[in-house]
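Treat the numbers as computed from the prediction; the structure is a model and nothing was measured.
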Amino acid sequence: QSRDTIQIAGSSTVLPFASIVAEEFGAAFPEFKTPVVGSGGTGGGLKQFCEGVGDNTIDIANASREIKDSEREACTAAGVTDIREIQFGYDGIVFASAASGPDFALTPVQVYKAIAAKVPVDGALVDNPYTKWSEIDASLPDQPIALAIPGTNHGTREVFQLEVVDAGAEEAGLPEGLTEEEHTAALTTFRQDVVVEISGDYTETLARLTSNPNTVGVFGLSFYDQNKDTLKVATVNGITPSNETVAAGEYPVSRPLFFYVKGQHIGTIPGIEEYVQFFLSESAAGGSLEAAGLIPQPEEKTAEVLAAFEAGAQ
Amino acid sequence: MADTLSTTAPASNDRTRLIRASLSRRHLSESIFRGLGLAAIIVALGFVALLFVDIVRKGIPAFTQSNLHLSVTFDPEIISVDPAPVRAAGQSEADFQAANLKWQRDVAMLNWNKVIEASLRAAAPAGYEIDTRQILTIAETDARHRVRELFVKDPTLLGKTVQVDVLASANADNWIKGNINRDLGDAQQQLSAPARGLIDQYETNGTITSGFAWSIFTNVDSRAAPASAGLLGAFVGTLWMMLVVILLAVPIGVASAIYLEEFAPKSRLTDLIEVNINNLAAVPSIVFGLLGAAVFINYMHLPISAPIVGGLVLTLMTLPTIIIATRGALLGVSPALRQAALGMGASKTQMVFHHVLPVTFPSILTATILGVAHALGETAPLLLIGMKAFVAAVPATPLDQATALPVQIYLWQGNENRNFFEPRTAAAIMVLLVVMIMLNGVAIYLRSKLEKRA
Amino acid sequence: MDMLAGKVKMTHQTVNSTMNPTDALERPIRLHAKDVTVHYGAKQALHGISIDIPDRAVTSFIGPSGCGKSTFLRCINRMNDTIEGAKVGGLIELDGENIYDPSLDVVELRARIGMVFQKPNPFPKSIYDNVAYGPKIHGLARSKTDLDEIVVSSLRKAGLFEEVKDRLNEPGTGLSGGQQQRLCIARAIAVSPEVILMDEPCSALDPIATAIIEELIDELRENYTIVIVTHSMQQAARVSQRTAFFHLGNLIEEGVTEDIFTNPVNKQTQDYIMGRIG
Amino acid sequence: MDMLAGKVKMTHQTVNSTMNPTDALERPIRLHAKDVTVHYGAKQALHGISIDIPDRAVTSFIGPSGCGKSTFLRCINRMNDTIEGAKVGGLIELDGENIYDPSLDVVELRARIGMVFQKPNPFPKSIYDNVAYGPKIHGLARSKTDLDEIVVSSLRKAGLFEEVKDRLNEPGTGLSGGQQQRLCIARAIAVSPEVILMDEPCSALDPIATAIIEELIDELRENYTIVIVTHSMQQAARVSQRTAFFHLGNLIEEGVTEDIFTNPVNKQTQDYIMGRIG
Amino acid sequence: MNSLIIAGLLLVLLGLAYQSGWSRGRGLATANGVKVHSRPQYHGSYVAIWTLVPALVIIGLWGWLGDGITHNFIVSQIPTETVQSLDQVGLNATIARIKALASGYGVAGEILPYEQTAGDALRSFQFITFLVVIAAAAIAGAAALFYARSRVTARHRARNAVERVINLALLACSAVAILTTVGIVASLVTEAARFFTFINPLDFFFGTVWNPNNAGTAGNWGSYGLLPLLVGTLMITFIAMLVAVPVGLMAAIYLSQYAPRQLRAIAKPIIEILAGIPTIVFGFFALVTVGPFLRDIGNFIGLSISATSALTAGVVMGIMIIPFVSSLSDDILNQVPRSLRDGAYGLGATQSETIRNVLLPAALPGIVGAFLLAVSRAVGETMIVVLAAGNSPVLRGNPFEPVATITVSIVNQLTGDTDFAGPQSLVGFALGLTLFVITLCLNIFALFIVRRFREQYE
Ligand SMILES: Nc1ncnc2c1ncn2[C@@H]1O[C@H](COP(=O)(O)OP(=O)(O)OP(=O)(O)O)[C@@H](O)[C@H]1O
Ligand SMILES: Nc1ncnc2c1ncn2[C@@H]1O[C@H](COP(=O)(O)OP(=O)(O)OP(=O)(O)O)[C@@H](O)[C@H]1O
Ligand SMILES: [Mg+2]
Ligand SMILES: [Mg+2]
């Protein structure tokens with residue numbers, strides 16, 4: 001007799017959404033037990049996911065990024081051959097500052113200039129000369145630069161790097177003729193005097209804001225939603241982050257969220273199919289997930305994902 | 001001799017004078033030293049007091065919770081579902097169960113929020129302007145499940161109106177308790193202006209009252225319905241782990257202490273074991289977490305985030321403590337007792353198990369309780385073996401996934417909802433501390449009783 | 001100083017009146033020791049002790065502190081086995097059987113040679129259980145009634161029964177010092193040993209309790225071979241028929257008690273008896 | 001053996017030769033105790049002791065174990081203050097001054113009444129520092145040379161100087177037991193006390209070291225009032241001019257040593273001396 | 001399920017064996033004449049042990065060799081051409097598929113006919129081998145039972161034999177502690193070695209930048225310099241000791257030397273309560289109370305103190321360690337013999353002079369050892385730092401700024417969204433190894449000192 005509880009693990013960004021769905025699923029389907037949702041990070045989740053097939057392995061891995069080829073290989077080697085990818089929405093990442101402070105309207109290039117250790121000036125990389133936001137751009141507040149960005153152990157950091165830093169650097173125009181290494185360094189070396197990398201969770205970032213009110217912090221959209229009373233959100237490229245702007249693709253700093261289902265467990269562990277359908281359904285879960293800060297994806301996308309899932313292994 | 005006498009007499013006066021001269025300085029430094037000692041005690045006690053007062057002050061508000069008293073009407077308009085299946089003659093048990101399940105799922109698929117909305121509106125002043133979405137933010141999201149469960153249990157409720165108590169949402173609770181500044185503008189509030197207004201109305205008309213938050217003790221963790229989140233799951237998870245620790249660490253620890261103290265020949269090897277055990281007792285707990293992750297999870301493939309693994313890790317962590325304490329207790333047994341037993345012709349094993357062990361039992365018990373209490377509060381190693389999971393169920397066996405009390409505290413502490421951050425966390429800490437203090441208290445009581453007897 | 005020696009003489013006379021010193025010589029030899037040496041680690045505590053101990057008589061060991069009396073006593077029931085680093089050499093025979101023979105079970109030996117210690121050391125159990133423990137582990141009682149009988153008769157032999165019969169279930173540690181020591185004797189008797197060793201059994205007791213124990217020893221010698229270590233020459237003179245004098249790990253002189261105290265052959269014995277050493 | 005015994009005897013004789021037992025009686029009273037009682041918690045250890053101790057003589061306290069000798073000794077320099085639960089009643093005067101007077105500084109008192117303990121207890125410091133410690137804390141030396149002088153003369157008076165003069169900086173704990181005890185005596189002497197209390201100073205020592213200390217005590221009595229507790233009657237007889245016999249917390253008899261030993265007035269003293277109790 | 005059946009069978013066997021040995025032993029006792037060496041209970045246990053061991057050995061052997069045998073069986077079920085055409089990974093995948101089929105789990109994609117037959121064969125193979133193993137165990141057990149029973153005689157030393165087994169069992173228990181150490185070292189070293197295949201050990205141990213690159217691909221893993229973490233760890237430890245040592249030591253001195261009995265009776269358990277409080281509680285206390293408080297003080301005196309900083313974590317950790325220091329110091333002080341104290345009092349030293357000049361110097365080695373133990377505890381503390389130190393792995397010397405420690409980075413790297421096979425999470429084990437070595441050295445050194453001290457006064 002096999003296990004009768006769905007086991008899920010993985011990304012801490014997906015964790016709250018998966019938890020809510022799990023709870024609602026347990027309540028809505030009296031014949032199934034409430035799935036257990038572990039965290040452990042995207043990598044950790046996929047690691048367990050790829051350990052093999054059977055009672056002792058998880059059924060679903062939550063991920064804030066796509067599975068890597070190396071991970072797929074590990075899966076295959078352990079006999080996990082039927083991996084079904086479900087993309088179910090977006091996570092928006094916002095810049096927010098203390099509610100009592102001035103408004104920020106940022107662009108990636110401004111952020112890049114604020115945090116990079118070396119910035120291009122007249123075609124050459126020089127040590128970052130800016131101390132106040134207003135020195136970067138007159139439209140920004142006359143306030144010392146201070147930023148709290150997610151640490152490298154966070155999935156959020158990837159999006160931040162890609163959509164803000166890399167994009168900003170491109171716009172700022174890195175000098176020609178940099179070696180590969182120099183190029184990478186220019187993109188990943190930040191000023192340690194004004195940039196704090198937060199390895200903990202968003203409460204940590206919030207604490208940093210309270211102790212230094214000049215700080216601009218990076219948060220998840222849902223966290224900001226829950227703490228509107230103390231935080232003030234910044235626009236990026238003139239777009240205010242919201243479910244609508246993210247879903248419409250207008251707000252640049254966002255990433256898709258996934259979970260991966262072990263096809264081989266379908267039919268043996270009860271309820272996996274129902275869980276997936278429930279997760280993607282408009283009526284039951286959509287509402288509460290949105291309330292919890294998930295940015296829904298277009299309905300066509302959902303339908304496509306569901307169809308692919310039901311079609312079985314690719 | 002006369003010589004000595006003549007020199008000592010004046011010397012003696014001189015001496016007394018010298019001694020007296022320095023006396024006041026010496027007494028002053030005595031008082032200063034003493035004062036420093038007293039200050040240290042006061043500082044230490046002050047810290048304890050500060051910590052407890054602070055946690056209690058923060059945690060107390062979490063023990064009250066806002067409840068909504070609603071008259072819920074099971075409107076057949078909304079609840080348009082076939083009547084509950086009745087077991088027909090000749091219908092097999094399995095078929096009936098299947099039909100019943102199907103009915104239940106149909107019931108679950110109904111939009112119960114409409115029922116809630118209707119009852120919320122019924123409690124609002126006539127004509128109060130508020131849209132569906134906003135009004136639903138007042139009740140906790142699990143309200144609809146509560147109502148549905150009532151109906152499933154008693155389908156005859158259809159068309160009737162009953163009084164139901166449901167939790168107000170966490171945001172409503174925050175608003176009522178003033179966790180969020182009431183003067184802030186709309187943009188900075190979690191709830192819309194009409195919702196906030198309605199909550200205030202409810203408060204005056206008695207629809208919302210606050211009461212003791214039993215849910216902290218009776219519910220499992222919840223993210224969908226933050227106001228209903230409780231500690232039961234974590235508590236049971238902790239209990240399972242303690243059970244594993246007690247079943248493993250105590251016998252193994254006591255047995256190895258007995259071996260090392262009573263039977264082991266003195267040799268390099270036993271010396272090594274001894275150093276090793278003393279050292280293990282001081283190895284940081286997180287290293288045991290790494291060990292658990294590498295050995296129990298990766299190598300032995302035990303289920304992740306299960307109390308059994310947590311219990312094993314904590315067992316290994318507690319073992320040295322129990323061994324050391326037990327050895328101390330065994331060492332304290334008077335040689336007279338051992339001689340008496342041996343002199344009677346008891347074998348060494350009989351001596352140990354018939355006489356030495358019973359005598360040391362209380363101190364072993366004390367040490368065990370302290371060791372287990374310590375394990376109970378341990379967090380770091382559990383994080384590394386995945387006990388950070390969100391588990392919305394009470395683990396029925398040690399192989400089920402679970403969290404533990406301290407980990408639950410860690411998780412709540414990092415939760416974005418204002419309800420968790422601080423009050424709920426502090427309340428969880430209070431529960432944990434009560435458990436710890438009870439355990440420690442028992443240990444201290446046993447020890448003092450033991451000391452009195454000794 | 002003379003009066004100290006005189007004192008011994010006086011006590012000695014009272015003992016004399018009840019005892020026939022030659023008695024002890026006529027009895028068969030129960031224990032036979034030959035060239036017994038003991039090392040504690042590097043330190044040699046006994047330098048070759050040879051002695052014969054007669055059946056059903058009290059033999060006492062005397063000598064200054066640290067001379068090895070207790071060490072030799074512990075050799076006789078192999079209690080030295082339990083001391084780390086102790087190494088025993090030479091030969092000790094009980095009824096002609098080498099007690100250091102590897103094939104001999106030391107547990108059985110200790111059931112045959114009981115021991116009473118300096119400080120009364122009853123088990124922290126009830127009086128009944130104290131006495132019953134030995135018969136239980138050695139399987140001497142077939143039934144509960146059997147056991148009851150053994151307990152009662154042992155307590156009676158130790159002269160304790162009347163005092164404790166109403167509180168057999170109270171802890172043995174609650175008795176007075178002298179009662180505790182008698183309980184320990186009862187406990188030793190309960191396994192019907194052949195030899196009873198006593199290491200300064202009265203040194204922790206007051207004079208009255210001491211007198212009771214001495215009387216008891218005198219009775220017990222009718223049924224048991226008794227060896228007693230004592231630091232009090234008076235006591236040795238009072239209770240024993242034979243006396244052995246130890247000094248610095250050697251057996252200096254050994255013989256009928258009367259002779260040792262009145263006519264010591266050896267100069268050292270003489271000095272000791274006169275209070276000049278120790 | 002012979003020479004050990006001989007040595008003690010010899011010492012005894014030399015002591016005898018320089019001592020006049022009546023001497024002690026003629027000397028002025030240094031310490032006067034009246035109705036001293038001591039309670040340890042609920043337990044009364046002394047039941048009203050009254051005694052006068054003469055200047056520059058050795059007074060010894062004898063009696064069976066636990067009779068309160070050490071307890072009374074500790075009353076004299078108020079060491080009982082350091083024992084939790086100890087309560088002292090009655091009157092003790094040093095040169096007519098009540099030492100339990102609240103206005104009296106106990107630190108100063110202890111500088112005047114030194115103490116030597118049963119087990120040699122040198123500080124884990126160098127020999128020099130051991131001796132220098134007292135003068136240092138009391139500010140008795142004005143300069144390093146002063147201090148050196150005090151140390152050397154104290155060691156010399158304690159008869160230790162010659163043996164240790166080359167290793168004053170080595171730890172005092174490295175000395176032999178007898179040397180350690182003399183070091184403790186030197187340490188006590190270094191603060192030039194008026195009275196020296198000794199609690200069984202030789203009981204942890206071998207006979208040779210004992211003889212040396214006894215000789216030393218005999219020399220010291222020329223300059224100091226000495227009170228010594230001993231469990232050996234022979235020692236009391238050898239070193240003291242006056243002897244006090246304690247029993248069960250009472251002072252039973254007290255007087256010139258010779259009288260106590262040869263002509264005890266009290267029946268209990270007699271019993272003790274004859275070895276009938278203890 | 002299977003293990004339950006096995007356990008049940010073993011229990012039955014055990015009960016039978018004991019009963020048979022016991023009754024035989026008892027029978028001996030009635031047949032008088034020779035003195036019976038051991039009591040019936042021992043004979044019973046003796047037979048039971050004899051019966052259990054062969055049965056366990058057989059089951060254990062199967063547990064050990066069974067996997068290999070099963071593996072070979074499966075391979076034998078796959079057509080030879082297929083085996084040859086597959087590489088190792090492919091073969092393993094096929095075997096995994098067959099096992100999944102046999103266990104009733106579905107497999108993805110089309111099930112090849114040979115897979116289906118192999119799966120069915122495997123299922124019956126597993127069932128049969130299970131029966132065979134059980135039968136073999138039962139037979140071996142029964143044989144051993146009769147043999148052992150035949151050895152029960154009056155002079156048979158069953159007690160000695162049973163006690164030897166008890167002894168072995170006790171020995172095995174004390175081996176657990178050794179195994180734990182071996183397990184720790186082995187797991188840390190193997191995983192750390194994997195980490196060092198990605199990152200040069202020199203870059204790890206002497207690097208000054210900690211910036212693991214999450215998005216990294218091969219060759220661009222980021223920087224894994226240990227120094228920022230080490231400095232953070234040491235800084236927090238130092239601050240903690242600055243708080244804990246004076247307070248703890250003076251508290252111990254006051255309580256053991258000065259305090260009236262009642263105060264001691266109250267204060268000691270209260271301070272001990274501090275030792276029983278879980279570190280997560282201290283962490284929370286630091287985060288929500290001490291941190292903001294220190295920050296406000298900083299603002300007041302014009303210092304910029306971050307709410308989560310080395311200072312916050314250090315101070316709170318110091319509070320946590322107070323009882324540890326004070327109880328160890330108390331122990332050590334009490335071990336100094338009373339005679340030394342008496343010696344000083346007897347010379348007229350005041351109480352504080354006695355403590356400072358005699359007691360403390362004498363106890364110094366022990367106290368130093370105790371402090372080293374406290375240091376090792378501070379170095380390994382995790383939750384306070386996770387919550388209150390601010391997690392900023394930057395090399396700087398300002399205690400008012402956030403820092404990260406080794407322990408925190410272990411937690412972050414092993415629980416974050418990191419790639420499990422890459423250095424991002426493996427570094428956790430390298431850090432763990434470093435931490436283990438540091439605390440090991442501290443502990444051994446401390447234990448050495450304390451032990452020497454104990455010996456001195458024993
Ligand atoms: N366990 C031991 N380890 C090392 N040496 C020991 C041990 N027991 C006794 N000794 C030494 O052996 C010698 C003889 O000791 P033993 O106890 O036999 O003397 P004793 O005659 O009984 O003295 P006492 O009258 O003090 O009891 C002594 O020097 C003693 O120090
Ligand atoms: N610190 C203490 N607490 C309680 N009772 C004590 C304490 N010290 C001594 N006693 C008791 O006081 C009584 C007298 O003790 P004391 O040490 O003065 O005897 P003593 O004559 O010196 O004996 P010994 O010859 O054994 O040294 C004894 O009954 C002893 O048990
Ligand atoms: Mg002895
Ligand atoms: Mg004394």
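The most heavy-atom pairs under 4.5 Å with chain E, out of Gln350(B), Glu262(B), Lys348(B), come from Gln350(B). If you tally non-hydrogen atom pairs under 4.5 Å between each of Leu274(E), Thr289(E), Ile322(E) and chain B, the highest count goes to Thr289(E). For the options Thr382(E), Leu188(E), Ile166(E), heavy-atom pairs under 4.5 Å to chain B are most numerous at Thr382(E). Among the candidates Ile437(B), Leu272(B), Val275(B), Leu291(B), the residue making the largest number of heavy-atom pairs closer than 4.5 Å to chain E is Leu291(B). Per-residue heavy-atom pair counts under 4.5 Å with chain E were compared for Ile409(B), Val283(B), Ile252(B), and the maximum is reached by Ile252(B). Here Ile277(E) is the residue among Leu373(E), Ile273(E), Ile277(E) with the most heavy-atom pairs under 4.5 Å with chain B. For the set Glu381(E), Gln351(E), Arg377(E), the entry with the most heavy-atom pairs within less than 4.5 Å of chain B is Gln351(E). Taking Ile32(B), Val254(B), Leu439(B), Leu50(B) one by one and counting their heavy-atom pairs under 4.5 Å with chain E, the maximum is reached by Leu50(B). By number of non-hydrogen pairs under 4.5 angstrom with chain B, the leading residue of Leu249(E), Leu435(E), Leu171(E), Leu179(E) is Leu171(E). In terms of heavy-atom pairs under 4.5 Å with chain B, the best-connected choice from Pro323(E), Gly380(E), Ser352(E) is Ser352(E).
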Verify side-chain contact (heavy atoms from CB on, under 4.5 Å) between Phe33(B) and Thr350(E), making sure each step is shown before the conclusion. CA-CA 11 Å; Phe33(B) 189 78; Thr350(E) 63; over 6 Å; no

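For the atom pair Glu30(B) CD and Arg356(E) CZ, the distance stands at 8.0 Å (nearest 0.5 Å). To the nearest 0.5 Å, atoms CG (Leu414(E)) and CD1 (Ile385(B)) are separated by 12.5 Å. In this structure, CD1 on Ile258(B) lies 9.0 Å from SG on Cys173(E), to the nearest 0.5 angstrom. Here Asn443(E) contributes atom CG and Asn276(B) contributes atom CG; the two are 11.0 Å apart, rounded to the nearest 0.5 Å. With rounding to the nearest 0.5 angstrom, the CZ atom of Phe353(B) is 9.5 Å from the CD atom of Glu163(E). Taking CG of Asn167(E) as the start and CZ of Phe263(B) as the end, the distance is 5.0 Å to the nearest 0.5 Å.
Residue contact with chain E, scored on non-hydrogen atoms closer than 4.5 Å, involves the side chain of Leu433(B) exclusively. With a threshold of 4.5 angstrom between heavy atoms, Tyr299(B) does not approach chain E through any atom at all. Of the two parts of Asp54(B), only the side chain, counted from C-beta on, holds a non-hydrogen atom closer than 4.5 Å to a non-hydrogen atom of chain E. Of the two parts of Leu36(B), the backbone and the side chain both hold a non-hydrogen atom closer than 4.5 Å to a non-hydrogen atom of chain E. In this structure, the portion of Val386(E) lying under 4.5 Å from any heavy atom of chain B is its side chain and not its backbone. For Ile266(E), no part lies near chain B; criterion is any non-hydrogen pair under 4.5 Å. Interface remark: Ile178(E) contributes backbone and side-chain atoms alike to the contact with chain B (heavy atom separation under 4.5 Å). Contacts between Ala426(B) and chain E at a heavy-atom distance below 4.5 Å involve backbone atoms as well as side-chain atoms. Using a 4.5 Å cut-off between heavy atoms, Ser29(B) contacts chain E through both its backbone and its side chain. For Pro406(B), the parts lying under 4.5 angstrom from a heavy atom of chain E are both the backbone and the side chain. Heavy atoms of Leu319(B) lying under 4.5 Å from chain E belong exclusively to its side chain. Of the atoms belonging to Ile273(B), heavy atoms from both backbone and side chain fall under 4.5 Å from chain E. Proximity to chain E is absent for every atom of Ala373(B), based on heavy atoms less than 4.5 angstrom apart. Within the 4.5 angstrom heavy-atom criterion, only side-chain atoms of Leu432(B), from C-beta onward, approach chain E. Only the side chain of Glu272(E) has a heavy atom closer than 4.5 Å to any heavy atom of chain B. Only the side chain of Leu260(B) comes within less than 4.5 Å of a heavy atom of chain E; its backbone N, CA, C and O stay farther away.
At a threshold of 4.5 Å between non-hydrogen side-chain atoms, the residues Asn279(B) and Leu440(E) count as touching. Using a 4.5 Å heavy-atom cutoff, the side chains of Tyr410(B) and Leu387(E) are in contact. Between Leu431(E) and Leu290(B) the shortest side-chain heavy-atom distance does not fall below 4.5 Å. Put simply, the side chain of Thr180(E) reaches to within 4.5 Å of the side chain of Phe288(B), judged on heavy atoms. Looking at heavy atoms from C-beta onward, Phe285(E) lies out of side-chain contact with Ile429(B) at the 4.5 angstrom threshold. Looking only at side-chain heavy atoms (C-beta outward), Leu51(B) and Phe282(E) come within less than 4.5 Å of each other. Counting only heavy atoms from C-beta outward, the side chains of Ile184(E) and Leu280(B) approach each other to under 4.5 Å.
Proximity to chain E at a heavy-atom threshold of 4.5 Å picks out Gly377(B), Thr379(B), Ala380(B), Leu383(B), Leu384(B) from residues 374-384 of chain B, in numerical order.
Across all their heavy atoms, Met436(B) and Gly276(E) have their closest contact at CE-O, 2.7 Å. Closest approach of Val295(B) and Ser187(E) over heavy atoms only: CG2-CB, 4.3 Å. Taking each heavy atom of Ile323(B) and Ala177(E) in turn, the nearest pair found is CD1-CB, 4.5 Å. The shortest non-hydrogen separation linking Met250(E) to Gly37(B) is CE-N, 3.5 Å. The two residues Ser376(E) and Ala282(B) make their nearest non-hydrogen contact at OG-O, 3.9 Å.
Under the salt bridge (charged side-chain N to carboxylate O under 4.0 Å, His left out) criterion, Lys268(E) pairs with Asp330(E), not counting sequence neighbours.
Within 6.0 Å of atom CZ in Phe445(E), 12 or fewer heavy atoms from other residues, nucleotides or ligands are found, so the atom counts as exposed in its surroundings. By the neighbour-count criterion of 12 heavy atoms within 6.0 Å, atom CZ of Phe293(E) is sparsely surrounded, having that number or fewer from other residues, nucleotides or ligands.
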